[in-house]
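What follows is one structure encoded as structure tokens, with my remarks underneath.
Here is the naming used below: chain letters follow the sequence lines, and residue numbers restart at 1 for every chain.
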Amino acid sequence: MSSHAHSHEELHGTSLEHEVHAHHGHDDHDHHHEESFVSKYIFSMDHKTISRQFLVTAVFMAVFAMMMSLLFRLQLAWPGEKFAIANALLGDKWAPEGVLDANMYMGLVTIHGTIMVFFVLTGGLSGTFSNLLIPYQIGARDMASGFLNMLSYWFFFASSFFMVISMFVEDGPASGGWTVYPPLSALPQAMPGSGLGMTLWLVSMSLFIVSSLLGGLNYIITVLNLRTKGMKMTRMPLTIWAFFVTAILGVLSFPVLFSCALLLIFDRSMGTSFYLSDIYIGGAPLEQTGGSPILFQHLFWFLGHPEVYIIILPALGLTSEIISVNARKPIFGYRAMITSILAIGFLSFIVWGHHMFITGMNPFLGSVFVFTTLLIAIPSAVKAFNYITTLWKGNIQYTPAMLFAIGLVSTFITGGVTGIILADSALDINVHDTYFVVAHFHIVMGVSAILGMLAGVYHWFPKLFLRKMNKNMGYIHFWITFVSAYGVFFPMHFLGLAGVPRRYYSNTEFPMFENLQDINVLITIFAILGGLGQVIFLFNFFYSMFFGQKSEQNPWGSNSLEWTTPMAHTHGNWPGALPEVHRWAYDYSKPGEESDFIPQTVPLRPGEEDGGGH
Amino acid sequence: MFELLIYAIIILGFAAIWQLVRVVELSARLKGVDPNKVTESDNRLNGRLMLTFMIAMFGFSIWQFFAYKDRLLPTSGSAHGEEIDWLWDFNMIIIIIVFFITNGVLFFMAYKYYGRDNAKATFYPHNNKLEMLWTGVPAVVLFIIIFLGIKLWNNITEPAPANVRLIELYAKQFNWTARYAGEDNKLGKANYLLIQGANELGLDSTDKASNDDIIVKGEFHIPVDQEVNFRNRSQDVIHSMFMPHFRAQINTVPGIETYFHFKPIHTTEEMRKITGNPEFDYILMCNKICGASHYNMQMKIVVDSPKQYEEWIKQQKTFIPKVEEAKADAKPEADSMKADSLKK
Ligand code: HEM
Ligand SMILES: [Cu+2]
Ligand SMILES: [Cu+2]
């Protein structure tokens with residue numbers, strides 16, 4: 001322990017010194033105005049601080065959502081069994097004697113899904129890394145609007161707050177699934193969670209959408225306007241391309257979700273009937289009539305499908321960078337990667353109907369969606385092949401980040417191939433809404449994006465907190481996470497093929513599911529293992545934040561601009577003038593060069609070609 | 001007690017990991033190297049683990065294919081379902097091949113090219129031919145998949161001919177009711193405003209077509225080898241009529257009628273022989289989240305020989321006598337409830 005005590009002091013002193021105020025190259029604001037604690041750490045407009053705020057909030061939300069999933073996995077593996085821990089966490093109302101209540105089961109599933117999709121993998125992922133990396137990697141002093149950026153975080157915080165407290169209201173949280181289809185979600189008579197819990201869900205999501213739009217507009221404008229000299233669009237790292245397209249998707253689709261939610265709010269509280277028709281519930285016919293529940297689904301999935309790419313594209317962007325840096329090779333097919341991102345972005349707007357094949361939609365329309373959905377597999381495949389080729393003849397440095405990035409490529413493939421089955425409407429008939437779908441989207445979107453996000457945390461931790469995370473704990477964390485991800489989600493395919501529907505509180509009511517119990521037990525054991533693995537991460541994350549080893553300026557030997565800034569949280573990022581860019585970000589192991597990396601700021605030699613020419 | 005034991009084990013596990021990490025780090029410090037620097041031996045270890053993982057993961061997948069094979073849904077009970085199963089297998093073969101090859105190549109690369117101290121990576125930024133190849137090949141394969149898929153989808157969703165037996169499946173929290181169209185094969189009109197007491201489906205008794213409709217609960221029968229057309233309605237929220245053994249599913253949506261038709265090809269008895277399970281039953285379940293008892297909203301389906309079916313259907317009561325019967329002991333309860341909730 002003594003060696004540790006020694007390093008504590010060292011660290012304390014330095015982190016203060018590091019808060020240097022850089023003078024902005026073009027003006028003479030060189031004064032040392034004192035920033036208060038509040039403006040520095042709470043209502044900060046600095047992209048780095050905002051990034052850290054998003055990350056820490058997302059980590060908290062992820063822990064919350066993961067614990068919920070463990071609670072309902074216990075119920076699925078050992079239905080009706082008493083778990084003291086369930087009672088301790090949920091209380092006597094929702095887990096009497098430790099047996100999870102059926103309504104609470106639905107609530108846990110719903111809030112788990114909502115938090116994971118929106119709060120961890122949309123707000124958390126984009127919020128952390130777009131904020132951190134966009135200004136850093138394009139050579140800007142900050143976001144276009146620091147103020148809107150600050151608002152974006154605080155809206156996110158408020159929406160997280162409402163989502164969390166919705167767990168504690170009398171009748172329970174929203175329980176109609178993360179897709180909150182009406183009439184179920186519109187009518188408190190239909191289930192208790194559709195009362196106050198659902199109202200809070202809608203409040204929270206509305207705030208979330210505002211946050212997302214403020215963030216997204218800022219990202220787009222920053223990328224378009226604040227690139228430093230020489231940073232052509234075709235020289236931007238793929239991370240920035242991914243964040244840029246993601247932000248565009250968000251700005252185009254979140255307003256539709258907003259109108260979708262707004263109409264639901266009207267139906268719930270103002271007696272309109274956009275989504276309601278011909279309903280008899282709670283022993284009486286409903287007065288509202290003439291609407292269509294299917295309208296909701298169209299509006300929802302018009303956001304909902306782009307949303308899954310809003311989740312996966314940033315993760316793929318981070319992976320592109322990490323794989324290239326650590327393979328010590330240029331990313332293979334840089335231009336094809338950009339084209340794929342753009343193609344995926346475009347196509348993602350015309351495939352939403354694949355979530356609605358069996359709503360009774362016009363079969364011809366169904367065919368159109370089959371066609372467009374399967375097209376999206378092409379750019380996705382190109383990306384996977386390009387990652388693999390980037391590894392070929394590389395000199396792979398296994399940092400924890402690299403492990404996670406390679407893990408992402410694997411799960412993206414494994415989950416992507418089952419998408420080809422689900423996109424085929426005829427085949428979707430029998431697996432729609434079964435565990436086969438749960439397996440598919442968790443592997444392709446959930447696991448992949450989480451692996452990508454963790455890769456990003458390990459890789460950019462030095463830029464976030466000026467320190468490194470512990471390598472060996474990172475290794476252990478990765479292998480536990482990766483093994484349990486396959487262990488949890490792969491067997492779910494088989495449950496789906498046995499006909500098990502999703503969102504079932506228990507499978508005990510059907511004799512045909514009796515012989516599947518051991519599969520559910522296996523899944524839950526892996527889930528618990530995976531959950532424990534995350535404890536290692538949490539420890540490493542918070543410990544390293546304060547006591548980790550201090551990082552050198554460019555620990556991974558990267559080319560991109562963020563590593564040309566000093567290891568300090570300098571206001572304005574670069575102490576002197578902004579850097580000038582002369583080449584793309586992927587000159588790794590260029591023939592005839594001594595160093596195996598050439599930062600973007602190094603001028604081209606006479607006759608040297610940029611962008612992979614040599 | 002058992003739970004406590006598990007917590008104790010978990011805590012010990014963390015302590016062990018912590019110790020391990022500390023030992024590794026101390027020995028690095030003693031050797032004077034940076035404990036967080038990635039070394040060649042780290043690379044070798046993780047490269048090998050990648051390969052090991054691949055073998056284990058492939059083994060685990062294959063093991064599951066065999067271990068769980070017999071618990072999956074049995075052979076299709078419907079005619080179109082056999083075509084679905086064929087197309088399923090066709091697509092499955094393609095994606096399984098892709099799964100093994102791409103994952104295999106990925107993990108192999110990850111192993112083969114782990115970083116060595118004196119090695120240098122090959123600068124290889126792009127290759128247009130290669131990229132054309134792996135855009136083109138998936139595109140061709142996908143077009144085949146799309147073509148076959150849409151063809152089958154069109155066959156399945158084609159409207160049923162008018163003379164096909166019509167059965168209505170009516171969903172409400174949390175049970176199903178089946179209504180047979182009767183002699184005239186016409187389902188009588190229904191309206192949610194007419195729902196009252198025993199008239200759970202809101203049938204309009206002034207519509208002649210409804211008088212011979214047959215309403216059943218608990219289980220319903222259909223004859224083998226004859227097409228049936230299901231019309232689906234819902235009383236309250238969205239449910240989904242899901243009959244996995246027939247490869248049949250469609251949502252039931254309040255305010256909207258949806259249809260699904262198919263031809264059963266094995267009687268329940270035949271299916272019991274095929275599956276070797278004397279207790280086998282076809283089942284209708286709900287597959288759209290609909291409330292607390294979503295997980296237990298089911299109805300048994302019996303596929304009869306035509307003769308058995310005729311016998312069964314004769315014993316079922318038609319709508320009108322059923323309502324009369326219920327009226328005898330009905331209370332005006334429903335009306336007062338209605339008035340109450342309208343006040344709200
Ligand atoms: C690239 C990343 C992908 C992500 C993030 C993603 C995400 C998702 C999600 C979240 C769902 C679940 C919907 C629900 O809650 O019911 C889903 C379902 C679906 N996915 Fe994907 N997916 C991806 C790739 C693909 C690909 C490549 C295809 C097709 C080639 C595909 C086809 C489908 C289809 C058809 C469904 C609907 C299945 C059903 O509802 O029965 N997905 N996907
Ligand atoms: Cu979609
Ligand atoms: Cu239901």
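With a 4.5 angstrom heavy-atom cutoff, Ser240(B) touches chain A only via side-chain atoms. Of the two parts of Thr157(B), the backbone and the side chain both hold a non-hydrogen atom closer than 4.5 Å to a non-hydrogen atom of chain A. Proximity to chain A (any heavy atom under 4.5 Å) is shown, for His80(B), by neither the backbone nor the side chain. Heavy-atom distances place both the backbone and the side chain of Ile146(B) under 4.5 Å from chain A. Looking at Ala248(B), only its backbone comes within 4.5 Å of chain A, counting heavy atoms on both sides. Within the 4.5 angstrom heavy-atom criterion, atoms from both the backbone and the side chain of Gln235(B) approach chain A. When heavy atoms are compared at a cutoff of 4.5 Å, Glu131(B) approaches chain A solely by way of its side chain, counted from C-beta outward. Heavy-atom distances place both the backbone and the side chain of Ile250(B) under 4.5 Å from chain A. No part of Tyr259(B) comes within reach of chain A, as not one of its non-hydrogen atoms sits under 4.5 angstrom from that chain. Only the side chain of Phe107(B) comes within less than 4.5 Å of a heavy atom of chain A; its backbone N, CA, C and O stay farther away. Using a 4.5 Å cut-off between heavy atoms, Phe242(B) contacts chain A through its side chain alone, with no backbone atom that close. Contact annotation for Ile289(B): both backbone and side-chain heavy atoms come within less than 4.5 Å of a heavy atom of chain A. At a 4.5 Å heavy-atom cutoff, Asn128(B) makes no contact with chain A through either its backbone or its side chain. Of the two parts of Tyr68(B), only the side chain, counted from C-beta on, holds a non-hydrogen atom closer than 4.5 Å to a non-hydrogen atom of chain A.
Nearest heavy atoms, Asn103(B) versus Ser410(A): OD1-OG, 2.9 Å. Across all non-hydrogen atoms, the minimal contact from Ile84(B) to Ala426(A) is CD1-O, 3.5 Å. When all heavy atoms are compared, the tightest approach of Pro183(A) to Pro254(B) is CG-CG, 3.7 Å. The nearest pair of heavy atoms linking Phe513(A) to Met285(B) is CZ-CE, 3.6 Å. Across all their heavy atoms, Gly149(B) and Asp424(A) have their closest contact at CA-OD1, 3.0 Å.
In this structure, the side chains of Phe494(A) and Gln64(B) come closer than 4.5 Å at one or more pairs of heavy atoms. Taking 4.5 Å as the limit, some side-chain heavy atom of Phe99(B) sits within range of a side-chain heavy atom of Thr414(A). A 4.5 Å side-chain heavy-atom check between Ile396(A) and Asn43(B) finds every atom pair outside the cut-off. Looking at Leu193(B) and Tyr280(A), their side chains never come closer than 4.5 Å, going by heavy atoms from C-beta outward. Side-chain contact between Leu73(B) and Asn430(A): present, with at least one pair of heavy atoms (C-beta onward) separated by less than 4.5 Å. Residues Phe53(B) and Trp479(A) are in side-chain contact: their nearest non-hydrogen atoms beyond the backbone lie under 4.5 Å apart. Two residues are said to be in side-chain contact when any heavy atoms from C-beta on lie closer than 4.5 Å; Phe280(B) and Pro511(A) fail this criterion. Between Phe478(A) and Asn46(B), the closest side-chain pair of non-hydrogen atoms is not below 4.5 Å.
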Going through the checks in order, is the salt bridge (charged side-chain N to carboxylate O under 4.0 Å, His left out) test met by Asp433(A) and Lys288(B)? CA-CA 7 Å; Asp433(A) 267 346; Lys288(B) 183 60 78 187; 2.6 Å; yes

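For the options Ala292(B), Ala67(B), Pro74(B), heavy-atom pairs under 4.5 Å to chain A are most numerous at Ala292(B).
Residues Phe510(A) and Tyr295(B) keep their aromatic ring centres 6.0 Å or farther apart. Aromatic rings from Tyr114(B) and Tyr398(A) are positioned such that their centres are separated by 6.0 Å or more. Residues Tyr334(A) and His126(B) keep their aromatic ring centres 6.0 Å or farther apart.
The existence of a salt bridge linking Arg233(B) and Asp278(A) is excluded, since no basic side-chain nitrogen approaches an acidic carboxylate oxygen closer than 4.0 Å. The pair Arg71(B)-Asp518(A) meets the salt-bridge criterion, since a charged nitrogen lies less than 4.0 angstrom from a carboxylate oxygen.
With Lys471(A) contributing its side chain and Val38(B) its backbone, the two residues share no donor-acceptor pair below 3.5 Å. At least one donor-acceptor pair under 3.5 Å links the side chain of Trp153(B) to the backbone N or O of Pro363(A). Side-chain atoms of Glu25(B) never come within 3.5 Å of backbone atoms of Asn472(A) as a donor-acceptor pair (strictly under, hydrogens ignored).
Side chains of Asn470(A) and Asn36(B): no donor on one and acceptor on the other come within 3.5 Å. Of the N and O atoms on the side chains of Asn251(B) and Thr359(A), not one donor lies less than 3.5 Å from an acceptor on the other residue.
Taking the six-membered ring where tryptophan is involved, the planes of Trp134(B) and Phe385(A) are tilted, since the angle between them lies from 30° to 60°. Phe490(A) and Phe60(B) have tilted rings, their planes meeting at an angle from 30° to 60° on a 0 to 90° scale.
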